[in-house]
Each structure stands twice: as C-alpha cells, then as structure tokens.
Amino acid sequence: MYKFRVQTLVGDRLSAWAELDPPFNRRSTLLTLPKVELQVSELNLVAQIKDYGADFTFFIFYWKKGGEDDVNCITTSSYDVSTYLEKAEEGKEYCAEVIAYARPINRNSSRSDTVCVQVQGAKQSVVFITLLSIFGVVLVFVPIVLGVWKFAYVLRYYCCPDEDIPEMLKEPNMGQRMLRNSHSSEDSEEINNVELHEHRLLENSSFIVKMPKL
C-alpha cells in the first residue's frame, strides 16, 4: 500500500498537505486507454500506437467495416509502435481497437476507442497523383519560363535599346517635307554638276591661232 500527499508553493505562500485516500495499491491500478491511429500507405494498412514505455504489450484487433464477425488480432511490443497489419483492399473501410497489457502489474487496459480509415480507390489515387505531378511540373517550369523571358528582355534592351523619337519627327507631314527637301537637294546637286561640266568643256575647247609672218 502506498500513501501520497501533495503541497503547493506559490511565492512565499505554502498550502496544506492534500493526502490520497484511500492508500494506493498498484493491483487496483486502472490503465488509461491506449491511443491508436490507422493509416494507409500504398495500400498497406498500418497501426500507429502511442509509446507508453518498455513494460507494455499491445493487442491490436482490426476488421473490415461490416464484417465485425471476422476480427484479426496482432500482438506487438512498445518498441514497435508502428505495426503493419495487412494489404488493404481498395474502396474498403477498416476499423481497429487496442488493448494495452502492463507486464509489471499483470493488468490489461480496457479496449481503446474504435478508429477507422477509408481506403481510396485506384482511380482516385491515380487522379490525385496526376494532379500532384502536373502541379509539380508547373511549379518547376514557371520560374524557368519567367527567367528565360527576363533574360530575353534584358538581351533585347542591350542589343536594341529603345530611343526617344525627336520632337521634330513627331510633327504631322514631317516625312513628306523631308522627302521634298531631299529631292530639292538632289536637283540642286545635279544643276551644279551640269554647270561645272559645261565650264570644264569651255576651258578644254580654248585654243591659240598662230598667224604666219608676211
């Protein structure tokens, strides 16, 4: 038989002793319910049990929902709290309960709360994996495309930089006026060339006539 008492200290204030009544005997211990979780990984049915220490053994009872008369049992230790149960069937729902056994006091806990898990069908898994793959591809390629576009934009700026158009070119009919000025300049050049050519011809045509002496 064990006796316990508890006292509280807050600052410099001390409470009176609170004693356990009646005394404790571990033969009368009530174990807490073990906590279990069912998981499905690639159609593998797995039970996850909270670890309560090295002195416990767990009995896992599981079944397909609707088939409670066909219950399977697996025993595992606290060192193997993640336990493979069986290959799950697609579209089925599985349920499980756990009993914990404490070896030092030779006592069992009550059955845990019932937990269930729904196994997804293959089509749902394929759709999910496909969508996840597409999302991954988009997540990878979007930064690459943006990087290429940014690089092309910078390269274009350095090779062909944008220049402001002079104000005189923005005036209406400026193109026609410049074209007319260009034609006038060409005509003037042509006239000057003709006059120069005629002048050179006159110079080349001049000659001296020598008269014989009488």
Side-chain angles (χ1 to χ4, degrees), residues 1-136 138-140 143:
M1 305 297 286
Y2 294 88
K3 295 185 66 175
F4 293 90
R5 63 178 186 173
V6 180
Q7 194 176 44
T8 303
L9 175 64
V10 179
D12 57 351
R13 294 182 299 169
L14 192 63
S15 72
W17 286 105
E19 297 188 0
L20 180 66
D21 187 35
F24 168 74
N25 188 317
R26 68 181 187 178
R27 288 180 300 177
S28 62
T29 298
L30 297 178
L31 298 178
T32 59
L33 298 180
K35 295 181 179 181
V36 60
E37 181 183 356
L38 277 184
Q39 299 176 352
V40 177
S41 176
E42 297 180 356
L43 295 182
N44 296 317
L45 186 63
V46 178
Q48 294 280 354
I49 305 173
K50 183 179 179 180
D51 189 2
Y52 288 90
D55 297 324
F56 283 84
T57 300
F58 300 98
F59 300 92
I60 307 172
F61 302 89
Y62 67 96
W63 62 91
K64 294 178 186 176
K65 195 167 186 179
E68 285 77 5
D69 296 335
D70 184 15
V71 179
N72 301 294
C73 180
I74 289 182
T75 303
T76 183
S77 67
S78 60
Y79 296 101
D80 189 18
V81 293
S82 179
T83 305
Y84 169 79
L85 301 180
E86 66 175 41
K87 202 73 174 178
E89 296 182 21
E90 297 175 0
K92 298 293 184 179
E93 187 175 2
Y94 291 82
C95 299
E97 295 175 351
V98 176
I99 293 178
Y101 169 68
R103 292 188 294 273
I105 59 175
N106 192 26
R107 291 186 66 86
N108 292 336
S109 71
S110 299
R111 286 205 177 198
S112 68
D113 297 331
T114 303
V115 294
C116 298
V117 64
Q118 178 74 40
V119 182
Q120 294 183 351
K123 292 183 179 179
Q124 294 178 341
S125 300
V126 170
V127 170
F128 175 75
I129 293 174
T130 303
L131 292 177
L132 190 63
S133 302
I134 293 173
F135 177 75
V138 171
L139 196 63
V140 170

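All of these numbers come straight from a predicted model, not from anything done at the bench.
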Task: Minimal non-hydrogen separation, Pro23 against Met1, with atom names - done: O-CE, 3.8 Å
Open item on the list: Is any side-chain heavy atom of Leu85 closer than 4.5 Å to one of Asn72?
Closed with: no
TODO: Measure the spacing between CZ of Arg107 and OH of Tyr101 and express it to the nearest 0.5 Å.
DONE: 11.0 Å
Open item on the list: Rounded at 0.5 Å granularity, tell me how far CG in Leu38 sits from SG in Cys116.
Closed with: 7.5 Å
Open item on the list: How close do Trp63 and Asp70 get, counting heavy atoms only, and between which atoms?
Closed with: CB-O, 3.6 Å
TODO: Kindly confirm or rule out a cation-pi arrangement of Arg111 over Phe61, judged by NZ or CZ under 6.0 Å from the six-membered ring centre and within 45° of its axis?
DONE: yes
Open item on the list: So Lys3 and Leu20, do their side chains get closer than 4.5 Å, heavy atoms only?
Closed with: no
Open item on the list: Counting only heavy atoms from other residues, nucleotides and ligands, does the tally under 6.0 Å from OH of Tyr2 exceed 12?
Closed with: no
- [ ] Indicate the atoms forming the closest heavy-atom contact of Phe59 with Cys73, along with that distance.
- [x] CB-SG, 4.4 Å
Task: OH on Tyr62 to OG1 on Thr83, rounded to 0.5 Å - done: 10.5 Å
Task: Note, Leu31 side chain near Asn108 side chain (heavy atom, < 4.5 Å) - done: no
Open item on the list: Is it the case that the side chain of Glu93 and the backbone of Val119 share a donor-acceptor pair, with hydrogens and angles ignored and the cut-off at 3.5 Å?
Closed with: no
Task: Point-to-point distance, once rounded to the nearest 0.5 Å, from CH2 of Trp17 to OG1 of Thr8 - done: 9.5 Å
TODO: Inspect the contact between Glu37 and Lys50 and indicate whether a charged nitrogen and a carboxylate oxygen are less than 4.0 angstrom apart.
DONE: no
Under 3.5 Å, sequence neighbours excluded: what are the donor-acceptor pairs made by side chains of residues 42-49?
unit_1 : atom_1 : unit_2 : atom_2 : d
Asn44  : OD1    : Lys87  : NZ     : 3.1
Asn44  : ND2    : Ser41  : O      : 3.2
Gln48  : NE2    : Ser82  : OG     : 3.1

Open item on the list: With rounding to the nearest 0.5 angstrom, report the NZ to NZ distance, Lys92 to Lys65.
Closed with: 13.0 Å
Open item on the list: Within the 4.5 Å heavy-atom criterion, are Glu89 and Lys64 side-chain neighbours or not?
Closed with: yes
Task: Main-chain N/O of Ala54 paired with Arg103 side-chain donor or acceptor, under 3.5 Å - done: yes
TODO: Dump the intermediate steps for side chain to side chain contact (heavy atoms under 4.5 Å, CB included) on Thr57 and Thr75, then the final yes or no.
DONE: CA-CA 7 Å; Thr57 300; Thr75 303; 3.4 Å; yes
Task: Contact check, side chains of Val115 and Val98, non-hydrogen atoms, under 4.5 Å - done: no
Open item on the list: Ser109 vs Thr32, test: side chain to side chain contact (heavy atoms under 4.5 Å, CB included). Steps then yes/no.
Closed with: CA-CA 7 Å; Ser109 71; Thr32 59; over 6 Å; no
Task: Side chain Tyr94, main chain Gln39, donor-acceptor under 3.5 Å - done: no
- [ ] Identify the two heavy atoms, one from Pro34 and one from Ser112, that lie closest to each other, and give their separation to 0.1 Å.
- [x] O-CB, 3.1 Å
TODO: Would you check if Glu97 and Val36 make a side-chain contact, meaning some heavy-atom pair closer than 4.5 Å?
DONE: no
